[in-house]
Protein chains: 2
Amino acid sequence: MTKHKDNQTEEKILIAAQQVFQAKGMDGARMQEIADEASINKAMLHYYYRSKQLLFEAVFNKAFALLAPQLNAILNDDSPLEQKIRSFTHNYISFMMKYPYLPGFIIQELHRNPKFVENIKSNVAFPNISKFKIQVEEEIEIGTIVPVNAEQLFINILSLNVFPFVASPLIKAFTNVDDKVYKAMLEDRKTAVSDFIINAIKK
Amino acid sequence: MTKHKDNQTEEKILIAAQQVFQAKGMDGARMQEIADEASINKAMLHYYYRSKQLLFEAVFNKAFALLAPQLNAILNDDSPLEQKIRSFTHNYISFMMKYPYLPGFIIQELHRNPKFVENIKSNVAFPNISKFKIQVEEEIEIGTIVPVNAEQLFINILSLNVFPFVASPLIKAFTNVDDKVYKAMLEDRKTAVSDFIINAIKK
DNA sequence: ACGTTTGTTAACCAATTGGTTAAACTATTT
DNA sequence: AAATAGTTTAACCAATTGGTTAACAAACGT
């Protein structure tokens, strides 16, 4: 028997907290609203997670743990660059369409509390660019791609894939498209972004 | 004589509010902190701006009014596409290095309160993509660029330019660079991003 | 069966927060 | 200079919020 008889309630809380924190952020979220969302008494939140801060961290870490492996796919994988870019773009967009709130949530809270950066850096699976950098330099050497700075290329790949999810309300407004059309556009980006990147760097 | 003897205080408040709202967001900002930042009594905030909500909207609208003309540069200008992309990228990055908080603030608050989208859409200078779309299709027709969807291209240009400012804490962590080096990288992007985009679409 | 641990609830609490008020102060008008 | 209008302040207030408590219920070990 574990410390807690069952984790039904604990799990319900985490899901509800995720929901509320992702929509309103740490400052905008209310403990009562999380309790309502989970259909439990507010005291239970503290019983299982001690404080709002700790509950938030549990949600944040879970979210980051979900995102990190996606990024490692392009940083630590061994396949050739072009193939990696195509599969990463495809997978990442598919993934994000399931969790569209994720990147915005992480970026917002990282900006709000810079301490979290140190926190996640100590994460075992924290994405690191060094391997990617070596690969890019090799491909430049053998002449499959034009000379580019690996960090800049990484930022470009990330930007093209992540930004449309982070800034969706703004982009929707600019391009004058509704939710449904925007989704279709994101779907198109699975190949459009790959082509765009490959075109930009291929010799 | 206007209603207010002078607007020194009113202006001080707006600057202080901008500072605090941009750093902490609507929910995280405290009226007392804004008053302290402006070195005035808290009651003055209400005397000049009625409520937190109205003060926030004043700050938000001012911020958006600063950003919108930058985007119109690429959407409504008449010069050839390639030249526009180069000048836009250069100008936008220069501009954002002066106001690095701006895009994140706008995106965050637009996400928090979707009503603001309608609000800014009625703005006289609200960026619109239609002219840009025509231009892209013309350049495809005459064969200077490869066939691309104008909306997707616009999203790409925006992503590559804006994301590095929105997600700077995250990117700094991934690429393991400090503030100074990151600034230098952003400086490099003025040409690197232009080249990247042009390469991607030029025939 | 019975005491003990774990889970759950309603009521409560202290601190914070946006906002108000009434009085004081300052400048302008006449 | 007296009346008036605009500006600023300290003190106050009601509502909200994160968190606590004490009593109660359910499950478990013995």
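Predicted model, so just to flag it, every value in this text is computed and none were measured. Below, read A as the first sequence line, B as the second, and so on, with proteins coming before strands; counting in each chain starts at 1.
- Between D:dG19, D:dT8, C:dT6, one nucleotide has an atom nearer to the side chain of B:Tyr47 than all others, and that is D:dT8.
- An OP1 or OP2 oxygen of C:dT8 is reached within less than 4.0 angstrom by a side-chain nitrogen or oxygen of A:Thr9.
- Donor-acceptor pairing under 3.5 Å, judged by distance alone, is present between the side chain of A:Lys42 and the base of D:dG19.
- The residue among A:Gln32 and A:Ala43 whose nearest nucleotide of DNA chain D lies closer to the 5′ end is A:Gln32.
- The separation between A:Phe56 atom CZ and D:dG19 atom P is 14 Å, rounded to whole Å.
- Ring-centre distance between B:Phe105 and B:Phe21: not below the 6.0 Å cut-off.
- Between B:Leu45 atom CG and C:dG19 atom P there is a gap of 10 Å when expressed in whole angstrom units.
- A:Met96 places a side-chain heavy atom less than 4.5 Å from the side chain of A:Pro103.
- For the pair B:Gln8 CD and D:dT7 P, the interatomic distance rounds to 12 Å; values are reported in whole Å.
- Per the geometry, CD1 belonging to A:Ile13 stands 10 Å off P belonging to C:dT9, to the nearest Å.
- When ring centroids are compared, A:Tyr99 and A:Phe165 stay outside the 6.0 Å threshold.
- Here B:Tyr101 pairs with nothing under the ring pair (Phe, Tyr, Trp, His ring centres under 6.0 Å) rule; sequence neighbours left out.
- Taking atom NZ of residue A:Lys12 and atom P of nucleotide C:dT8, one finds them 8 Å apart after rounding to whole Å.
- Here B:Met31 lies in heavy-atom contact (under 4.0 Å) with sugar-phosphate atoms only.
- The aromatic rings of B:Phe126 and B:Phe64 lie parallel to each other, with less than 30° between the two planes, well short of the 60° mark.
- To the nearest angstrom, C1' of C:dG19 lies 12 Å from CG of B:Asn41.
- When rounded to the nearest whole Å, the span between NZ of B:Lys52 and P of C:dG19 equals 8 Å.
- Closest to the side chain of B:His46, out of D:dT7, D:dA10, C:dG19, is C:dG19.
- Remark: of the listed residues A:Leu67, A:Leu158, A:Leu160, A:Leu67 is the sole one forming a side chain to side chain contact (heavy atoms under 4.5 Å, CB included) with A:Tyr92.
- A:Arg112 forms a cation-pi arrangement with A:Phe56, by the criterion of a distance under 6.0 Å to the ring centre and an angle within 45° of the ring axis.
- Contacts of residues 18-30 of chain B with DNA chain D (heavy atom under 4.0 Å): none.
- Here the P atom of nucleotide C:dT9 and the CE atom of A:Met44 are 6 Å apart, to the nearest Å.
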